[in-house]
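Have a look at the structure below before the remarks.
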Amino acid sequence: MSSAPRRYHVTTFGCQMNKADSERMAGILETMGMAWEEDPLQADIVLYNTCTIRDNAEQKVYSYLGRQAKRKQTNPNLTLVVAGCVAQQEGEKLLRRVPELDLVMGPQHANRLQDLLEQVMNGNQVVATDPVHIMEDITQPRRDSEVTAWVNVIYGCNERCTYCVVPGVRGVEQSRTPEAIYAEMEALGRQGFKEVTLLGQNIDAYGRDLPGITAEGRRQNTLTDLLYTVHDIPGIERIRFATSHPRYFTERLIQACAELPKVCEHFHIPFQSGDNDVLKAMARGYTHEKYRRIIDSIREYMPDAAISADAIVGFPGETEEQFQRTMQLVDDVGFDLLNTAAYSPRPNTPAALWDNQLSEAEKSDRLQRLNHLVGLKAAERSQRYANRVEQVLIEDVNPKDPSQVMGRTRGNRLTFCTGDITHLKGQLIDVQITEVRPFSLTGVHLVPAHA
Ligand code: SAH
Ligand code: SF4
Ligand code: F3S
């Protein structure tokens, strides 16, 4: 007698790290014999991989859970899992809030999903939020793309930015060994993947917890060393990395990026604020002058490099004048992309307890003004692509126009052109840019002339 496989659904909130964890957890569910179900209201096992970076991210999951909890009352076979950063932050409190939950598991436990589900099948309600040493991942992720892949290189964060939940929910820094990273990337190359993004919340910290000093007394196993180690892996044509921290970003890294052809000239370096006193209150460990020097140095080596960043407005005590320094930095640097957010007080973070909080109205007013400037600057930055020929790695069809394919330039600009995905998927092609928009481009595929 055969029964239909159980069907699972995973919804992911939050950052690239969470997306990478979701792909690994989906891979575990597949090896357990389950099948993907697109509709979360039809699935037998529903996993929410959650984010708590700001309050609105956290609240989102509660509304989703409400619907599933109701479903469970008439469908006792439904398995409900909350993974990720809200799970870590709330732990057992989540079970009290949503008693229908079967499993609450923090991000460090992602690789243990099978084990934890077996405990659930034995009739237990399980909470897995203890800090653990993350086991080397031997599972096969179910990757969303066949062309580009995430590869974790360091988990956790040892910084203590006063606004941020990440160190609390992701734990201390744990670097994977260069050998494990190499092996994963080699397998990706063999499977036909063309681009890898190396991931860490503070990727410049990579290797600090690994042994090794060179003969000259330099620390070994830095991010720069890792780039050299993995650069020549066959099949992988492009390498990116994120997120960079201005406090630790080195000239040696910039030189390596300029020298290594597969490393794309795209840098994601959040600055958070353009004011030195606000940066100090955030405990970021750099000044806006240092940040500007990093950008200048990148542009000296790679004049066309794309620069993206994150910024927070309305941090406790931020004055209009201090906010203007953030506006000034954005105006001066000219980012290709800037993720902006209004400060959101978070549980167990120092800044949330300060008594100099700004009103929601003030925060959202500043956010609007900053976003307006960001749009203008991005449009300006986009102009440099007009009529140029860009190398684009084709990832998929344009969901809005099936006659077009889409991919990204080396600078990470989304680009569309007419073409057939069955021939072009995973190809690096030359595209002559004919239309520029602030955050995307359209062009014509230049087919090389045959002799
Ligand atoms: N590790 C990265 C970013 C991690 S979180 C870094 O150090 O920059 C992603 C972004 O969310 C941050 O860069 C910050 O801009 C934003 N963010 C984090 N905590 C926030 C909070 N409490 N309120 C508003 N935005 C926040
Ligand atoms: Fe959060 Fe700061 Fe760590 Fe980034 S570096 S994850 S902002 S604590
Ligand atoms: Fe969110 Fe956790 Fe990432 S809080 S931004 S999913 S590390």
Side-chain angles (χ1 to χ4, degrees), residues 11-22 25 48-61 82-90 105-108 110 129 150 152 154-173 199-206 208 241-249 267-274 278-279 281-286 291 294 308-316 318 326 330 335 337-354 357-358 360 363-364 366-367 370 374:
T11 298
T12 310
F13 306 88
C15 63
Q16 295 164 324
M17 227 87 37
N18 251 19
K19 288 180 186 139
D21 289 346
S22 285
M25 291 190 284
Y48 291 120
N49 195 11
T50 59
C51 172
T52 182
I53 200 77
R54 287 179 284 277
D55 188 56
N56 53 8
E58 178 179 353
Q59 296 313 321
K60 228 184 267 173
V61 67
V82 177
C85 297
V86 175
Q88 186 65 39
Q89 178 184 290
E90 297 298 307
M105 53 185 286
Q108 298 188 6
T129 52
W150 319 111
N152 279 308
I154 178 168
Y155 304 102
C157 179
N158 288 3
E159 296 300 301
R160 288 292 174 273
C161 304
T162 51
Y163 51 81
C164 184
V165 291
V166 171
V169 293
R170 290 263 162 183
V172 294
E173 290 168 1
L199 290 183
Q201 279 295 355
N202 170 8
I203 200 161
D204 303 276
Y206 176 74
R208 281 209 285 228
F241 56 88
T243 297
S244 303
H245 196 307
R247 186 180 205 159
Y248 305 105
F249 203 88
F267 299 85
H268 184 66
I269 320 177
F271 62 88
Q272 312 302 5
S273 168
V278 173
L279 285 170
M282 290 175 162
R284 289 290 289 179
Y286 55 86
Y291 186 84
I294 293 171
S308 59
D310 305 343
I312 298 175
V313 301
F315 188 73
E318 185 190 66
T326 294
V330 171
F335 292 95
L337 178 79
L338 184 67
N339 305 315
T340 58
Y343 168 72
S344 168
R346 305 307 295 133
N348 312 318
T349 60
L353 303 174
W354 299 346
Q357 307 288 328
L358 272 58
E360 289 305 318
K363 288 192 273 187
S364 76
R366 287 182 192 172
L367 185 59
L370 179 58
V374 168

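Atoms within a ligand are numbered from 1 in the order they appear, just like the ligands themselves.
Taking the six-membered ring where tryptophan is involved, the planes of F267 and F249 are perpendicular, since the angle between them exceeds 60° and thus also 30°.
Checked by distance only, ligand 1 and S344 come closer than 3.5 Å through their nitrogen or oxygen atoms. Considering backbone and side-chain atoms together, R54 places an N or O closer than 3.5 Å to an N or O of ligand 1. Looking at Y163 next to ligand 1, an N or O pair under 3.5 Å apart turns up. Checked by distance only, ligand 1 and Q272 come closer than 3.5 Å through their nitrogen or oxygen atoms.
Screening T243, T340, N339 against D310 for a side chain to side chain donor-acceptor pair (under 3.5 Å) leaves a single residue, N339.
No side-chain heavy atom of V86 sits less than 4.5 Å from a side-chain heavy atom of F13. Counting only heavy atoms from C-beta outward, the side chains of R284 and Y163 approach each other to under 4.5 Å. In this structure the side chain of Y343 reaches within 4.5 angstrom of the side chain of K363, judged on heavy atoms. Under the 4.5 Å side-chain criterion, counting only non-hydrogen atoms from C-beta, H268 is not in contact with Q16. Between N152 and D21 the shortest side-chain heavy-atom distance falls below 4.5 Å.
Contact annotation for I312 and ligand 1: only side-chain heavy atoms (C-beta onward) come within less than 4.0 Å of the ligand. Neither the backbone nor the side chain of N202 has any atom closer than 4.0 Å to an atom of ligand 2 (non-hydrogen atoms only). At a 4.0 Å heavy-atom cut-off, ligand 2 does not touch R170 at all. Contact annotation for C85 and ligand 3: only side-chain heavy atoms (C-beta onward) come within less than 4.0 Å of the ligand. When non-hydrogen atoms are compared, ligand 1 lies under 4.0 Å from the side chain of R346 (C-beta onward) but not from its backbone. When non-hydrogen atoms are compared, ligand 3 lies under 4.0 Å from the side chain of R170 (C-beta onward) but not from its backbone.
Among protein heavy atoms, the minimum distance from atom 2 (Fe) of ligand 2 is reached at C161 SG, 2.3 Å. Summary of contacts: the protein heavy atom closest to atom 1 (Fe) of ligand 2 is C164 SG, 2.3 Å. Nearest protein neighbour of atom 7 (O) of ligand 1, counting heavy atoms only, is R284 NH1, 3.2 Å. With respect to atom 7 (S) of ligand 2, the closest heavy atom belonging to the protein is Y163 OH, 3.3 Å. For atom 24 (C) of ligand 1, the nearest protein heavy atom (residue, atom name, distance) is A342 O, 3.4 Å. What sits closest to atom 3 (Fe) of ligand 2 on the protein, heavy atoms only, is C157 SG, 2.3 Å. With hydrogens left out, the protein atom closest to atom 4 (S) of ligand 3 is T52 N, 3.3 Å, a heavy atom.
Distances below 4.0 Å separate heavy atoms of H245 from the following atoms of ligand 2: 5 (S). Below 4.0 Å from some heavy atom of C15 lie the following atoms of ligand 3, by number and element: 3 (Fe), 5 (S), 6 (S), 7 (S). The P167 neighbourhood of ligand 2 comprises atoms 8 (S), with distances under 4.0 Å to a heavy atom of that residue.
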- Item | Working for side-chain contact (heavy atoms from CB on, under 4.5 Å), residues C164 and R346 | CA-CA 7 Å; C164 184; R346 305 307 295 133; over 6 Å; no
- Evaluate the side-chain contact (heavy atoms from CB on, under 4.5 Å) criterion for residues F335 and V374: first the C-alpha distance (whole Å), next the side-chain angles of each, then the deciding distance (0.1 Å), finally the verdict. CA-CA 8 Å; F335 292 95; V374 168; over 6 Å; no
- In sequence, state the C-alpha distance, the side-chain angles, and the governing distance for I294 and F271, and then conclude on side-chain contact (heavy atoms from CB on, under 4.5 Å). CA-CA 11 Å; I294 293 171; F271 62 88; over 6 Å; no
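For atom 10 (C) of ligand 1, the nearest non-hydrogen atom from the set D310, N202, T52, V166 comes from D310. Among R284, Q272, M282, R160, the residue whose heavy atom lies nearest to atom 4 (Fe) of ligand 2 is R284.
By the 6.0 Å contact criterion, CG on N348 is open, its count of non-hydrogen atoms from other residues, nucleotides or ligands being 12 or less.
Atom 2 (Fe) of ligand 3 has no N, O or S atom of C51 closer than 2.8 Å.
Proximity of Q201 to ligand 3 is established by a heavy-atom distance of less than 4.0 Å.
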